[in-house]
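Right, one structure below, let's go through it.
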Amino acid sequence: MKRIRGAWCCAIGLVFALGLSFCATASGADSVAKETRPTNIIFILADDLGIGELGCYGQTKIQTPHLDNLAREGMRFTCAYSGASVCAPSRATLMTGLSTGHCPIRANRELQPVGQRPLPEETQTVAQILQSAGYATGCFGKWGMGTMDSSGSPLKKGFDRFFGYNCQRHAHNYFTNFLYDNEARRELDGKTYSADLIVDEMMGWLEENADRPFFLFYATTLPHQKYEIDDLGIYADKKGWTNLQKNYAAMVTRLDTHVGRIVAWLREKGLEKNTLIVFSGDNGGALAPDSGKARFFNQNLHYRGYKRTVYEGGLRNAALAWQPGKIAPGQTCDIPWYFPDFLPTCAEIAGVSVPEQIQTDGVSITPILWENRAVERKPMYWELHEIGFIQAVRFREWKAVRNGAEAPIEIYNLEQDPGEQHDLAKDQPEIVAEAERLLRELRTDDPSWPTK
């Protein structure tokens with residue numbers, strides 16, 4: 001009996017040991033599988049966030065611990081630019097890889113009774129490229145590039161799932177009566193804080209797609225006006241703050257908590273090493289520097305201009321990149337890049353070629369992300385048609401600004417004068433001539449976007 005009992009115990013031990021070995025092997029295989037499958041890509045786009053409004057850029061009044069941690073564990077950019085200084089064209093350049101000199105959307109153009117000018121049917125997006133490469137694709141938040149029944153619907157531009165606001169005007173209301181769930185309206189009670197609901201839906205979509213490569217475009221409405229929030233949190237009892245200042249700070253901190261939810265989920269799933277997060281504002285801070293909110297929070301730091309201008313304060317963003325094990329922690333990068341670079345970068349990361357019919361104005365910035373190494377880049381071009389026609393181009397250390405088709409060209413050396421305080425046009429005639437040529441050559445005439 002003793003011999004039988006001993007043999008039985010040995011058998012149980014062997015089975016147990018084999019089980020542990022199998023579990024370890026399976027766990028290891030699962031980990032390897034996660035890290036060798038195509039890289040997940042998350043782009044988080046904050047709405048009207050100023051470069052000076054995160055702690056990692058020097059902000060002291062607004063608390064942003066999760067975003068600050070992304071900077072500590074990844075890369076903080078000091079010279080990242082949006083594709084435009086207002087919502088719709090900025091998003092369009094991000095999605096299409098085209099600068100506003102070639103993009104079909106070059107300004108906010110409202111349609112009645114609802115919506116904005118749509119992306120044309122023939123225009124391809126980064127989501128379509130990644131979708132064709134087998135990625136699950138989701139857009140959550142604000143779209144603003146075509147209503148659900150138009151050629152610019154997010155569902156026709158490469159996204160499997162959309163939840164949020166289609167129209168920018170509608171997105172001003174954080175306590176809305178409805179949001180879009182794909183093509184269907186989801187009726188709401190008008191009391192639910194939409195920014196939180198959008199993130200809840202987004203987290204559900206991530207959970208559904210955890211086992212396959214995914215591209216998430218989280219285009220949050222925070223902290224765009226109206227400056228509404230359901231709970232002021234740590235800012236409720238701030239002495240000497242206006243209600244607007246309290247609301248705004250609480251909105252930025254709420255955005256920060258949403259970023260924290262995404263990162264915590266990635267860690268829980270063991271996906272953090274195989275997921276690239278890029279965070280950026282969509283344009284500079286929304287208010288003039290001498291306004292109460294902008295001055296109180298030092299919204300755009302020392303940069304000239306703000307939203308709807310093509311000076312640095314309208315275009316330069318708070319931007320971060322994070323991927324543990326791939327992006328070295330604690331880096332500050334001063335190499336310039338901008339939104340049209342995102343499409344070719346994603347194509348390279350996904351291991352696919354950009355289709356021949358897509359002529360991008362950007363370059364892949366993977367050397368910047370992985371090695372903090374400069375790329376040979378094209379000049380960066382902007383134009384805007386909000387209040388007349390204005391242009392800007394950055395080439396090497398130079399920035400040219402022209403505030404009107406007939407206006408003189410201003411020239412700034414951004415390495416020496418990032419605040420654009422000293423116009424060097426009179427002293428640099430050769431640079432003026434080069435800028436004039438670039439401002440002419442880097443755009444295509446379009447009757448929808450006249451220069452006069």
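The shown structure was predicted, so the numbers you read here are calculated from the model rather than taken from an experiment.
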Do other residues, nucleotides or ligands put more than 12 heavy atoms under 6.0 Å from D237 CG? no
Between T64 and D68, does any side-chain donor sit less than 3.5 Å from a side-chain acceptor? yes
Just checking, any donor-acceptor pair under 3.5 angstrom between side chains of Y235 and Q63? no
How close do T39 and L276 get, heavy atom to heavy atom, and via which atoms? CG2-N, 3.9 Å
Which atoms form the tightest heavy-atom contact between L130 and A350, and what is the distance? CD2-CB, 3.6 Å
Suppose we call two aromatic rings close when their centres sit under 6.0 Å apart. Are Y81 and W382 close by that rule? yes
Y135, OH: over 12 other non-hydrogen atoms inside 6.0 angstrom: yes
Close side-chain approach of H66 and V263, heavy atoms under 4.5 Å: no
Please step through side-chain contact (heavy atoms from CB on, under 4.5 Å) for the pair L384 and T100, ending with a clear verdict. CA-CA 8 Å; L384 199 61; T100 44; 6.0 Å; no
State which residue, out of E312, E415, E410, fulfils the salt bridge (charged side-chain N to carboxylate O under 4.0 Å, His left out) condition with K399. E312
Where N372 and T332 come nearest, the two heavy atoms and their spacing: ND2-O, 3.6 Å
Pair Y311, N403: side-chain N/O donor-acceptor within cut-off below 3.5 Å: yes
Run the salt bridge (Lys or Arg N to Asp or Glu O under 4.0 Å) test on R254 and D196 for me, step by step, so that the C-alpha distance in whole Å, both residues' side-chain angles and the decisive distance to 0.1 Å come before the verdict. CA-CA 9 Å; R254 185 70 60 85; D196 289 346; 2.8 Å; yes
Value rounded to 0.5 Å, distance of CD in E386 from CZ in R109: 6.0 Å
Nearest 0.5 angstrom please: N166 CG to T147 OG1, how far? 6.0 Å
Basic-acidic side-chain contact under 4.0 Å: K156, E121: no
If you measure only the distance, is there a donor-acceptor pair under 3.5 Å linking the side chains of Y165 and T176? no
Can you tell whether the side chains of R267 and E73 come within less than 4.0 Å, N to carboxylate O? yes
Start with the C-alpha gap between H102 and D446, add the side-chain angles, then the distance that decides, and say whether side-chain hydrogen bond (donor to acceptor under 3.5 Å, both in side chains) holds. CA-CA 9 Å; H102 302 123; D446 187 322; over 6 Å; no
Side-chain donor-acceptor pair present, R394, Y338, cut-off under 3.5 Å: no
How long is the straight-line distance from CE of M148 back to CG of L155, given to the nearest 0.5 Å? 4.0 Å
Quick check, are the ring centers of W241 and F297 under 6.0 angstrom apart? yes
Can you tell me how far apart OG (S151) and CZ (R117) are? Round to the nearest 0.5 Å. 9.5 Å
Decide if the gap between the ring center of W322 and the ring center of F279 is smaller than 6.0 angstrom. no
On a heavy-atom basis, which atom in S90 and which in A84 lie closest, and how many Å separate them? N-CB, 3.6 Å
Nearest-0.5 Å distance that lies between atom CE in M203 and atom CD1 in I262: 6.5 Å
CH2 (W337) and CD1 (I368) are apart, to the nearest 0.5 Å, by 8.5 Å
Looking at every heavy atom in both Y248 and L49, which two are closest together, and how far apart are they? OH-CA, 4.2 Å
Kindly assign one of parallel, tilted or perpendicular to the pair F217 and W143, based on the angle between their ring planes and the thresholds 30° and 60°. perpendicular
Is there a donor-acceptor pair under 3.5 Å between the side chain of D282 and the backbone N or O of D48? yes
So, is the end of the R76 side chain (NZ or CZ) under 6.0 Å from the ring centre of Y57 and within 45° of the ring's axis? yes
Any side-chain to backbone donor/acceptor pair from T309 onto Y306? Under 3.5 Å, distance only. yes
If I compare all heavy atoms of W449 with all of R443, which pair ends up nearest, and what's the gap? O-NH2, 3.5 Å
